[in-house]
**Student:** 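Here's a structure for you.
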Amino acid sequence: MADKSASLSMDEKSFDYPVRAGTVGPDVIDIRKLYGQTGAFTFDPGFTSTASCESAITYIDGDKGVLLHRGYPIDQLAENSTFMEVAYLLLNGELPTRAELDKFTYTITRHTMVHEQLSQFYRGFRRDAHPMAVMCGVVGALSAFYHDSTDITDPHQRTVASHRLIAKMPTIAAMAYKYSVGQPFVYPQNDLSYTGNFLRMTFGVPAEPYEINPVIERAMRRIFILHADHEQNASTSTVRLAGSSGANPFACIAAGIACLWGPAHGGANEAALNMLREIGRPERIPEYIARAKDKDDPFRLMGFGHRVYKNYDPRAKVMQATADEVLKELGISDPVLDVARELEHIALHDEYFIEKKLYPNVDFYSGVILSAIGFPTSMFTVLFALARTTGWVAQWNEMISDPDQKIGRPRQLYTGAAQREYVPVDKR
Ligand code: SDX
């Protein structure tokens, strides 16, 4: 129960609202009765001051640059966990015992194949279709194939659908890549790790064995962990809102994929690498910094800034270290990485970025790594969606199980025309 309250005075009346504290982080003012008592709505476009739900999955402290999954710091998970372990943690709330992890990994592994007819869907797309367009379509179509796990009121079906989504995303993503390059689809192989399986399905060919590079496998696993969940971001909120209507989980995840595609969100990793390549060399950085600061120029430094982090995104630090590791392992010296480093250095010493608290985010360095591994930029957001599916599924399950949850239905401040009478066209 709340032991604090917040008072609002309006039209010479005073209203009190309970204030609730979480484990850590900002308190919330419970305003659920505000409209009924005051006849007014709150107004918060972009939800910059709004908590949309109660959640125990992920905590972010934007000022300190802290990211916890079920209480565990992201850098510790990225360093020590497998993706299956993080997926189990996000879904169940605790790190698994060895037996729990083995059982979970066994289950997920044996859901990695997709219905053979699903592969026909890819043939309906042009080969040069953006892979995110393919992902929106194919994942949305999953509900046409897995009817036996679409009843959201059945906890068993929710679990099966959750496992199917986590398991099949790498297969679907790899198929989207294979289709774009005209190579045959490669089936999953159950003796490989979640990440290793994805690498083989993506870069393996039937003509020869595929050898997984352990440094690349570790880098990919880290990248998946860094992208797994991130509190109530735009795409997670989309999944929750779609789920609040009772839509089936496959449709909800397809909605999340569509939202993630935007360049202000998950599409930023593709946009950031394209920007770094356009800048090309350190001497051109000042020109782009000036454009980013120009109010009349819509250009923004992609991979910089964040709604919540007003300090360094902890994921960006791990990503930067991983970039060094991967380029060293592959013997690549990518000039884009030099541009990224110099751009970061200049921006972090520029008054505009300091005053607006703009730091590199998770998308700033990821493209350098993914490009070095061999992914085209069009696949970057697909990889983000692959990893974030685990967070979306965890958040969707939490929402469905929340006794307070109801269909999301925000209101508005109406500034359109007052009621008026219809005028026939020959009198206008
Ligand atoms: C992700 O929410 C999440 O958790 C998302 C994510 C996740 O894991 O789910 O972390 C993943 O989406 C990371 C963010 C990826 N997007 C980008 O890198 C695109 C570039 N960044 C910006 O578009 C922007 O920083 C946002 C969208 C990320 C955040 O924007 P906000 O919170 O709405 O902040 P804002 O637009 O109000 O900006 C505040 C000020 C503005 O200046 P003023 O109007 O106050 O004068 O900072 C400026 C902005 O113009 N600003 C930038 C900038 N980002 C903000 N100026 C130049 N370059 C930038 N990148």
Side-chain angles (χ1 to χ4, degrees), residues 44-52 55 57-63 65-69 74 78 86 90 132 223-240 256-276 279 285-319 340 343-344 346-348 350-367 380-381 383-392 394-395:
D44 186 16
F47 311 120
T48 50
S49 300
T50 294
S52 62
S55 179
I57 299 175
T58 291
Y59 173 71
I60 303 172
D61 182 325
D63 294 328
V66 168
L67 168 55
L68 308 178
H69 289 320
I74 188 63
V86 171
L90 289 172
M132 279 300 279
I223 288 171
F224 286 166
I225 291 171
L226 293 175
H227 286 87
D229 190 57
H230 210 242
E231 201 215 64
Q232 305 312 319
N233 58 84
S235 53
T236 297
S237 300
T238 301
V239 170
R240 279 180 170 261
I257 293 171
C259 176
L260 187 75
W261 194 1
H265 189 15
N269 52 17
E270 176 177 359
L273 189 69
N274 291 337
M275 174 194 74
L276 291 170
I279 294 173
I285 290 172
E287 170 197 337
Y288 285 82
I289 294 276
R291 285 188 57 196
K293 292 157 67 170
D294 179 355
K295 296 297 291 172
D296 299 325
D297 187 332
F299 172 78
R300 288 195 164 180
L301 281 187
M302 302 315 282
F304 254 78
H306 200 277
R307 169 61 56 79
V308 177
Y309 289 121
K310 301 310 173 190
N311 197 323
Y312 217 103
D313 183 334
R315 302 169 295 177
K317 286 183 181 163
V318 181
M319 207 64 92
L343 175 57
E344 176 190 345
I346 294 173
L348 295 189
D350 181 290
E351 196 42 48
Y352 172 91
F353 294 87
I354 294 168
E355 183 249 328
K356 294 184 186 299
K357 298 182 178 178
L358 303 173
Y359 290 84
N361 59 48
V362 67
D363 297 309
F364 189 62
Y365 285 105
S366 58
F380 290 3
T381 310
L383 301 178
F384 195 148
L386 185 169
R388 185 53 58 88
T389 292
T390 295
W392 288 333
Q395 299 269 354

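All ligand and atom numbering here is 1-based and tracks the order in the structure. In what follows, every heavy atom counts, from backbone to side chain, and hydrogens, waters and symmetry copies are set aside.
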**Student:** Checking a contact table here: which protein heavy atom is nearest atom 47 (O) of ligand 1, and how many Å away?
**Tutor:** Lys356 CD, 3.6 Å

**Student:** Keeping Asn269 on the side-chain end and Leu273 on the backbone end, is there a donor-acceptor pair under 3.5 Å?
**Tutor:**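 Not a single qualifying donor-acceptor pair exists.
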
**Student:** Quick check on the 6.0 Å ring-centre criterion: do His230 and Tyr309 meet it?
**Tutor:** yes

**Student:** Hey, which atoms in ligand 1 end up nearer than 4.0 Å to a heavy atom of Ala268?
**Tutor:** 15 (C), 16 (N), 17 (C), 18 (O)

**Student:** If you have a sec, work out which protein heavy atom is nearest atom 11 (C) of ligand 1 and how many Å separate them, to one decimal?
**Tutor:**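 Answer, as residue, atom name and distance: His265 ND1, 3.8 Å.
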
**Student:** Could you report the tightest heavy-atom contact between Val239 and Gly256, atom names first, then the distance?
**Tutor:** CG2-CA, 3.6 Å

**Student:** Which is closest to atom 52 (C) of ligand 1 in terms of heavy atoms, Thr48, Leu358, Asn361?
**Tutor:**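 Of the listed residues, Leu358 has the closest heavy atom.
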
**Student:** Tell me, please, which residues at least two apart from Asp297 pass salt bridge (Lys or Arg N to Asp or Glu O under 4.0 Å).
**Tutor:**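 Counting only residues at least two positions away or on another chain, Asp297 forms a salt bridge (Lys or Arg N to Asp or Glu O under 4.0 Å) with Arg291.
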
**Student:** Backbone or side chain, does any N or O of Ala264 fall under 3.5 Å from an N or O of ligand 1?
**Tutor:**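 Yes, since at least one N or O of Ala264 sits under 3.5 Å from an N or O of ligand 1.
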
**Student:** Which ligand 1 atoms does His306 reach within 4.0 Å, using its non-hydrogen atoms?
**Tutor:**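 Heavy-atom distances to His306 below 4.0 Å select 2 (O), 3 (C), 4 (O), 5 (C), 6 (C), 10 (O), 13 (C), 25 (O), 28 (C), 29 (C).
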
**Student:** Would Lys293 count as a contact of ligand 1 if the rule is a heavy atom under 4.0 Å away?
**Tutor:**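 Lys293: no contact with ligand 1 (<4.0 Å).
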
**Student:** Run the numbers for me: atoms of ligand 1, each under 4.0 Å from some heavy atom of Arg388, listed by number.
**Tutor:**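 Counting from 1, the qualifying ligand atoms are 7 (C), 8 (O), 9 (O).
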
**Student:** Looking at Gly303, which atoms of ligand 1 are within less than 4.0 Å of one of its heavy atoms?
**Tutor:** 17 (C), 18 (O)

**Student:** Taking atom 8 (O) of ligand 1 as the point of reference, which of Glu231, Arg300, Arg315, Met275 owns the nearest heavy atom?
**Tutor:**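 Among Glu231, Arg300, Arg315, Met275, the closest heavy atom to atom 8 (O) of ligand 1 belongs to Arg315.
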
**Student:** I'd like to check whether Leu301 has a polar contact with ligand 1, where a contact means an N/O of the residue lying under 3.5 Å from an N/O of the ligand.
**Tutor:**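 Among all N and O atoms of Leu301, at least one is under 3.5 Å from an N or O of ligand 1.
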
**Student:** In terms of atom number and element, which parts of ligand 1 are under 4.0 angstrom from non-hydrogen atoms of Tyr352?
**Tutor:**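 Numbered from 1, ligand 1 contributes 48 (C), 50 (O), 52 (C), 56 (N), 57 (C).
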
**Student:** I'd like to check which ligand 1 atoms, numbered from 1 as shown, lie under 4.0 Å from a non-hydrogen atom of Arg307.
**Tutor:**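 Listed by number with element, the hits are 29 (C), 31 (P), 32 (O), 33 (O).
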
**Student:** Is there a polar contact, in the sense of an N or O pair closer than 3.5 Å, between Phe304 and ligand 1?
**Tutor:** yes

**Student:** So do the side chains of Leu260 and Asn233 get within less than 4.5 Å of each other, counting heavy atoms only?
**Tutor:**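 No, every pair of side-chain atoms sits at 4.5 Å or beyond.
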
**Student:** Counting non-hydrogen protein atoms only, what is the nearest one to atom 43 (P) of ligand 1? Give residue, atom name and distance.
**Tutor:**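 That would be Lys295 NZ, 3.4 Å.
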
**Student:** For a quick test of your reading: what N or O donor-acceptor pairs under 3.5 Å do the side chains of residues 352-365 make, sequence neighbours left out?
**Tutor:**
unit_1: Asn361; atom_1: OD1; unit_2: Asp363; atom_2: N; d: 2.8
unit_1: Asn361; atom_1: ND2; unit_2: Gly303; atom_2: O; d: 3.2
unit_1: Asn361; atom_1: ND2; unit_2: Gly305; atom_2: O; d: 2.9
unit_1: Tyr365; atom_1: OH; unit_2: Gln320; atom_2: NE2; d: 2.7
unit_1: Tyr365; atom_1: OH; unit_2: Glu344; atom_2: OE1; d: 2.2

